[in-house]
Amino acid sequence: MNLKNKLNFVNTRIGFYILLLALFWVKSIFAYFVDFQGLGLESAFQYFILFLNPLASSMLLFGIALYIRGRRSSYITMMVIFTLLTMLLFSNVTYYREFSDFITVNTMLGSAKVASGLGESAVRLLRPYDLFYWIDIIVLIVLLAMKKIKMVETPVKGRFALAISALSVMLFSANLSLAEMDRPELLKRTFSHDYIVKYLSIPVYTIYDGVKTYQSDQVRAQASPTDLNGVQAYINEHFAPADQKMFGIDKRKNVIYIHLESFQQFLLDYKLKDENGVEHVVTPFLNSIYHSKDTVAFDNYFHQVAAGKTSDAETLYENSFFGLAQGPLFTQLGSTNTFQAAPNILQQTQGYTSAVFHGNSGSFWNRNETYKSLGYNYFFDSSYYELNKDNSFQYGLHDKSFFGQSVQYLEHLQQPFYAKFISVSNHYPYQQFTNEEGGFPLAKTSDETINGYFATANYLDRAVEEFFTYLKDSGLYNKSVIVLYGDHYGISNSRNKDLAPLLGKDPTTWDSYDNAMLQRVPYMIHMPGYGKGFIDHTYGGQVDALPTLLHLLGVDTKKYLQLGQDLFSSKHQEIVAFRNGNVITPEFTILGEDVYDTKTGEKITNPTAEQQTKIQQARAAVKKQLAVSDQITNGDLLRFYNESGLKPIHTEDYVYQNAMQKMNGIEKELGDKSTSLFTTRGNKTSTDLFKTETYQELQGNEATNSSTVESSSDK
Ligand code: GP9
Ligand code: MN
C-alpha cells in the first residue's frame, strides 16, 4: 500500500477512528513499559492481557463519536476524546513518577492537594520524551487543518457504529474474564491500583474508581453527627475498663509490631514429620517467645478479616473496628475517611513517632494513602529497600533482607516509637526460595500450597530471630514491647481437608466447625523483663488488640470510639465475631444456622431453652458490633467526633519521600535531646549489629558464617 492509499484509508471516518485507536494503544503501551515500570508483570499471560487492555476501553470510548452524523462534530468529538484520554494517561504518568501510584478520582477533585503533594514544582517531573505523548495530537490537528487528512461527509452507518460498540463490549468482557482468571476477585478485592491498571487499563481504572467513589460518597453524605449517638451508647455500654495490674506497665516503651504473614496458631509448637519419620520443629524461635516468661500469649484468639486480608488486619489493629463487609477498607475509604488510629493517639497523647516498614510497593492495599490518614509519620515501602530477583518475589522483599535492611532506618526514629514490620515471605504460594534460605523439609500432601507452608513459616521464624538478636544487641529490646500477630489464615478452607491428616484429624469427618477452629492466629505480647508471662485462654479477636495494647501503655481508651475490649479486663466478653456474622464463644460456634459445641465440636441440633437464649444473645451481640463498625466506617462518623480531644489529621502534611533526610534533620535540630538509637549511640550506626548471611552478602561482606552461627546459638 503506498502513502496515498494509506491516506485514503484514513480519509474515511472509520479509518480515522482506527488511526486514533492505534495511536492511543501505542502511547498506552509506551507508558506501561517506560513510565509504569512498577506494574510487575509475572507471566506471558499477563503480558497478553496488558497488550489487550488499552484496546478494549478506548474502542468503546472513541466509538461514541461514530454515532454522530455531522462532519465537524463527529471529528471534533473523536479528537476531544483522544485528547482527554491522552491527558488522563499523561497526568497518571507524571503522578506515577512522584508517587508510584495512579491518580484517584478524589485526588483529581481535590487538585489543590495534589499540587501541594507534588511539591514546589511539577515541572521537574517532566521528561524530554514526554513530547511523544503529545506530538500525535499536534500533527493530527495540523494535518486536519491543512486538509491532508480530510474530514469526510459520509457518516458511519448507525448499525455499524452499534456493531463496533458491541464488539468493544465483547472485547472488554473478554479482557475482564482473562483478568479474573489470572487474579480471581480482581474487582471485588481491588488489591491495588497497579493491579486494576495492569489488567484493565487506565481509563477503566478511572471509571471504576469513580463509581466506587460515588457510591461511598452517597453513604457518607447521608450520615450526620446524630448518628454518633447510637454509636456512643453502644461503646459506653460495651466498654471494658483496664485491669489495674496491667494498666501502664509498658508506659512510654517503644512498640514494635511484628506482622507474621498468613501465620496460623497451629504452627506454634508444631513438628513436621519428614519422610523418615524425623520430626522438625517449624518455628523454634517463635515457640520460645510463645512460652517465654516475658510473654502473654493468647491461644483462643481469632482473625476477623474479610476481603482486605492483610489490610483488614491492619484496620483492626490500628483502629479497633472492622474492615468492610465487601472489599478492603484501605482502598475504598483509606484516603478519604477520618480516623483516630493508634499512631495518632500515641503521638498526640504520649509523643510517639510512628513508622511502617514493608518491602512491597507502597500502593499495595493503598497503604501509601491510608497510612497518612492513620497518622503514620513514616512509611518505608519497597522504594527504601534494595530488591533484586534473588531476595524478593511478587509480594516484595524476603523477610531476612527486609529486617536487615530496615534497621538503617529504625535507628533514626525518635523514641518512643510505634513501629510496624510487615513480613511477606510466608505468603501464598509458599515457595522455597534460595538454598541458603530454604532447607526445611516440605510436607507430603497432594497440595503444593500446604507442602510449602511449613518451610516458609520456618524461614519467617529465623528472620524474626535475627531481628530479635539485633534488638537485643542494640539495646532497643529492653526499651520495647514487642507484639507479634498472625494476620489471617495461610491455608484456605478449601484446602483444609488435605491439611487435616497433618493435624491428626480425619479428612472425611472434617467440617465447618474444624474450619472455624483453624482461624486462630497468634497474638503474643512480649514484654522484656515482665517475668510473669503465661498463655491466656481467653476468647478474643483482632478487634480487641488496640484497647489491650493502649491500656498496657497507660493510655485511657474511654473517650475513643473503639469496638474491642481489653483482653485483660474482667469485663471482657468472650464473644468473637467473624466478619461475615459468624460467632465463636467458649461454649458455642455459630456458623450461619448451624451451632456447634466449641469444646467438643459436636453439632447442637436440639438446643435447650437456656442454650437458645445464649446463642441468640451471642448472635445479636456480634450483629450489633459489626453494624456499629459499618456505621462508623461507611458513614465516616469520626469526622464528627471531637470528644476524643485529638486534633484532626491533615493528610497533605504527610509525605513519605526523603525520610532519611527528615529523620537526620530532626536529630540535628534536637541535638542532645534526640532520642534516636543513632544519637544515643553517639552518632554511631547500629547496622553492623544485624547479623545475617543474606544482608551481609548484599553488603559485599564475605565473612558471615561465624557471626550467623553465633547469633543463632545464643538462644
Ligand atoms: C502485600 C502483603 C500481602 O503487601 O501485605 O497482603 P495479603 O495478600 O496477605 O492481603
Ligand atoms: Mn496477609
Side-chain angles (χ1 to χ4, degrees), residues 38-40 42 100-101 182-186 188-196 198 257-265 267 302-318 322-324 326-332 334 356-371 374 376 379-385 387 391-399 401-403 406 420-431 449 452-453 456-457 459-460 463-464 484-493 495 518-523 542 545 579 656:
L39 289 181
E42 287 145 19
S100 303
D101 197 0
D182 198 57
R183 173 57 67 174
E185 303 194 318
L186 175 69
K188 197 166 144 221
R189 296 189 52 202
T190 52
F191 302 87
S192 81
H193 301 154
D194 281 13
Y195 279 37
I196 309 271
K198 171 163 99 173
Y257 260 125
I258 301 185
H259 169 111
L260 305 170
E261 179 56 44
S262 304
F263 198 103
Q264 291 175 230
Q265 176 72 17
L267 286 171
F302 293 80
H303 81 75
Q304 299 176 299
V305 314
K309 300 290 284 290
T310 295
S311 67
D312 277 359
E314 293 189 64
T315 302
L316 283 146
Y317 280 98
E318 305 292 8
F322 294 82
L324 303 177
Q326 259 102 38
L329 181 139
F330 264 40
T331 50
Q332 291 183 18
V356 182
F357 298 80
H358 183 48
N360 193 10
S361 135
S363 61
F364 202 97
W365 288 137
N366 193 35
R367 286 183 170 108
N368 49 354
E369 294 300 323
T370 307
Y371 286 159
L374 299 180
Y376 267 110
F379 175 26
F380 300 97
D381 68 359
S382 56
S383 65
Y384 282 92
Y385 297 86
L387 274 74
N391 71 5
S392 65
F393 73 134
Q394 65 190 107
Y395 292 101
L397 183 62
H398 277 308
D399 300 341
S401 303
F402 164 62
F403 285 118
S406 293
K420 170 159 74 175
F421 292 82
I422 305 177
S423 69
V424 280
S425 298
N426 188 50
H427 190 289
Y428 177 83
Y430 311 111
Q431 270 159 12
T449 301
Y453 185 53
T456 48
Y459 169 78
L460 167 61
V464 173
L484 303 99
Y485 69 85
D487 59 341
H488 49 74
Y489 63 85
I491 305 298
S492 59
N493 286 348
R495 302 178 188 277
L518 275 191
Q519 307 314 308
R520 286 183 171 86
V521 286
Y523 182 52
Q542 292 168 326
R579 178 59 257 204
Y656 292 141

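Counting starts at 1 for both ligands and their atoms, following the listed order. These values consider heavy atoms only, across backbone and side chains, with no hydrogens, waters or symmetry-generated copies.
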Practice task
For the pair His303 and Tyr489, name the ring-plane relationship: parallel under 30°, tilted 30 to 60°, perpendicular over 60°.
Solution key: tilted
Problem - Atoms in ligand 1 flagged as close to Asn360, the criterion being non-hydrogen separation under 4.0 Å - result: 1 (C), 4 (O)
Problem - Short side-chain to backbone donor-acceptor contact, Tyr371 and Gly362, under 3.5 Å - result: no
Practice task
Could you tell me if any non-hydrogen atom of His358 lies under 4.0 Å from any atom of ligand 1?
Solution key: yes
Fill in the blank from the handout: ligand 1 to Glu261, heavy atom cutoff 4.0 Å, flagged ligand atoms 9 (O)
Exercise for the section: Name the orientation class of the two ring planes belonging to Phe421 and Phe403 (parallel below 30°, tilted from 30 to 60°, perpendicular beyond 60°). Expected result: tilted
Practice task
Would you please classify the geometry between the Phe402 ring and the Tyr385 ring as parallel, tilted or perpendicular, with 30° and 60° separating the classes?
Solution key: tilted
Practice task
Note the single closest protein heavy atom to atom 5 (O) of ligand 1, along with its residue, its atom name and the distance in Å.
Solution key: Arg367 NH2, 2.8 Å
Handout entry: Side-chain (Asp312) to main-chain (Ala306) donor-acceptor, under 3.5 angstrom
Key = yes
Handout entry: Residue portion contacting ligand 1 (non-hydrogen atoms closer than 4.0 Å) for Tyr428
Key = neither
Fill in the blank from the handout: The protein N, O or S atoms lying under 2.8 Å from the Mn ion (ligand 2) are Glu261 OE1, Glu261 OE2, Thr310 OG1, Asp487 OD2, His488 NE2
Handout entry: Asp381 side chain to Asn360 backbone, donor-acceptor under 3.5 Å
Key = no
Exercise for the section: Would you mind checking which non-hydrogen protein atom is closest to atom 9 (O) of ligand 1, with the distance to 0.1 Å? Expected result: Thr310 OG1, 2.7 Å
Exercise for the section: Heavy-atom contacts with Phe364 under 4.0 Å: which atoms of ligand 1 show up? List them by number with element. Expected result: 1 (C), 4 (O)
Problem - Atom CD of Gln326 with >12 non-hydrogen neighbours under 6.0 angstrom - result: no
Practice task
Report, in ascending order of atom number, the atoms of ligand 1 lying under 4.0 Å from any heavy atom of His488.
Solution key: 9 (O)
Practice task
Would you confirm whether Gln542, through its side chain, and Ala313, through its main-chain N or O, come within 3.5 Å as a donor-acceptor pair?
Solution key: no
Problem - Closest protein heavy atom to atom 8 (O) of ligand 1, given as residue, atom name and distance to 0.1 Å - result: His427 NE2, 2.8 Å
Exercise for the section: Pick out which of Tyr317, Phe357, Tyr485 makes a ring-ring contact (aromatic ring centres under 6.0 Å, His included) with His259. Expected result: Tyr485
Problem - Atom indices of ligand 1 within 4.0 angstrom of Trp365 heavy atoms, with elements - result: 6 (O), 7 (P), 10 (O)
